[in-house]
Amino acid sequence: MADIMKVHGSALSTAAQRVFACLYEKELEFEFIPVNMAVGEHKKEPFLALNPFGQVPAFEQGDLKLFESRAITQYIAHGYADKGTPLVIPGKQMATLSVWMEVEAHQFDPVASKLNWELVFKPMFGIPTDNAAVEENEAKLVKVLDIYESRLAQSKYLGGDIFTLADLHHLPNISCAMRTQVKKLFDSRPHVSAWVADITSRPAWSKVVAMNK
């Protein structure tokens with residue numbers, strides 16, 4: 001019997017949510033091991049033995065230990081290609097999919113994460129929102145979403161015509177953003193809006209959302 005997959009993290013963490021979404025899409029069993037970030041468990045041993053950077057999530061399967069959410073999802077998607085939703089595309093199309101995975105990591109995530117920190121997490125922790133940072137990052141997000149609108153006019157999903165990791169990796173930050181004033185930036189672009197409605201309604205993502213209820 002294969003070793004059980006263990007995910008150490010917080011159900012609130014957008015990075016951990018990426019991994020949960022991937023596991024649910026793949027219909028794989030896993031053990032969720034909560035890390036109490038409020039008391040700094042992620043900054044001390046034994047967690048640092050799993051991720052020396054002290055960030056969630058961390059992943060274990062037997063003697064395999066991984067960190068960085070996107071690396072974990074790629075391991076799961078490629079390692080369990082025959083299970084659940086494919087999430088990756090064989091051959092030449094994988095190169096295009098990889099481009100959009102990089103776009104999410106380097107163009108979308110930094111801006112969306114900053115906006116969610118200011119508009120969702122700061123209020124949650126009783127910290128004042130920096131309105132200048134919100135304005136600056138909204139302007140950056142507009143540029144990214146204009147490019148997405150153009151891409152999604154050509155294909156149903158970012159990586160091609162099927163739902164893949166390129167789409168899945170966006171889910172945590174999009175789900176957060178849709179609870180804020182930033183929602184209007186997604187809603188005002190018809191192809192982006194349809195894509196958001198599609199990916200956020202997936203049963204696997206609903207399971208991730210339910211983890212915080």
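Index from 1, following the sequence.
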What heavy-atom pair brings Phe20 and Ala11 nearest, and what distance separates the two atoms? CE1-CA, 4.1 Å

For the pair Ser113 (side chain) and Pro110 (backbone), establish whether a donor and an acceptor sit closer than 3.5 Å, ignoring hydrogens and angles. no

Checking side-chain contact (heavy atoms from CB on, under 4.5 Å) for the pair Ile76/Val19: CA distance, chi angles, key distance, verdict? CA-CA 9 Å; Ile76 295 163; Val19 176; 4.3 Å; yes

Here the gap from His169 atom NE2 to Thr14 atom OG1, rounded to the nearest 0.5 Å, amounts to 12.0 Å

From CA spacing to verdict: side-chain contact (heavy atoms from CB on, under 4.5 Å), Val208, Tyr24: CA-CA 8 Å; Val208 178; Tyr24 285 132; 3.7 Å; yes

Sequence neighbours left out, what passes ring-ring contact (aromatic ring centres under 6.0 Å, His included) with Tyr75? Give chain and number order. Phe59

To the nearest 0.5 angstrom, please state how far the OG atom of Ser150 sits from the CD1 atom of Ile147. 8.5 Å

Work out which heavy atom in Ala166 is nearest to a heavy atom in Trp100; give both atom names and the distance. CB-CB, 4.0 Å

Checking side-chain contact (heavy atoms from CB on, under 4.5 Å) for the pair Lys114/Trp117: CA distance, chi angles, key distance, verdict? CA-CA 5 Å; Lys114 182 64 176 171; Trp117 169 244; 4.3 Å; yes

Would a distance-only check, ignoring hydrogens and angles, find a side-chain to backbone donor-acceptor pair under 3.5 Å from Ser201 to Asp198? yes

Can you name the nearest heavy-atom pair linking Leu152 to His191, along with the distance? O-CD2, 3.6 Å

Without swapping roles, check the side chain of Asp167 against the backbone of Leu158 for a donor-acceptor pair under 3.5 Å. yes

Testing the basics here: between Cys22 and Ala77, what is the closest heavy-atom pair and its distance to 0.1 Å? SG-N, 4.4 Å

May I ask whether Ile4 and Met211 are part of the same hydrophobic cluster, defined by side-chain heavy atoms of I, L, V, M, F, W, Y residues being less than 4.5 angstrom apart, directly or through others? no

Main-chain N/O of Thr129 paired to Glu118 side chain as donor or acceptor, under 3.5 Å: no

Worked verdict on Asp109 versus Arg18 for salt bridge (charged side-chain N to carboxylate O under 4.0 Å, His left out): CA-CA 12 Å; Asp109 181 81; Arg18 263 185 218 106; 3.2 Å; yes

Below 4.5 Å, heavy atoms only, C-beta onward: do Asn212 and Gln17 meet side chain to side chain? yes

Val7, Val209: one ILVMFWY side-chain cluster at the under-4.5 Å cut-off? yes

Among Arg189, Lys184, Lys183, find the residue that satisfies the side chain to side chain donor-acceptor pair (under 3.5 Å) test when tested with Asp187. Lys183

For the residue pair His8 and Phe47, does the interplanar ring angle fall in the parallel (under 30°), tilted (30 to 60°) or perpendicular (over 60°) class? perpendicular

Answer yes if Ile162 and Leu168 sit in the same cluster of Ile, Leu, Val, Met, Phe, Trp and Tyr residues linked by side chain heavy atoms under 4.5 Å apart, and no otherwise. yes

Would you mind checking if Arg70 and Glu104 are paired as a salt bridge, meaning a charged N to carboxylate O distance below 4.0 Å? yes

Check whether Asn116 reaches the backbone of Val120 with its side chain - one donor and one acceptor, N or O, closer than 3.5 Å. no

Do Lys207 side-chain atoms and Ala204 backbone N/O form a donor-acceptor pair below 3.5 Å? no

Compare every heavy atom of Leu185 with every heavy atom of Glu138, then report the nearest pair and how far apart it is. O-CD1, 4.0 Å

Show the atom names and distances, to 0.1 Å, of all donor-acceptor pairs under 3.5 Å that link a side chain in residues 78-95 to residues at least two apart or in another chain.
unit_1 : atom_1 : unit_2 : atom_2 : d
Tyr80  : OH     : Gln61  : NE2    : 2.7
Thr85  : OG1    : Glu25  : O      : 3.3
Thr85  : OG1    : Glu25  : OE1    : 2.6

What closest approach, in Å, do Asn137 and Val111 show between heavy atoms, and which atom pair accounts for it? O-CG1, 3.1 Å

Taking only residues at least two apart or on different chains, which pairs with a member in residues 35-50 satisfy side chain to side chain donor-acceptor pair (under 3.5 Å)? none

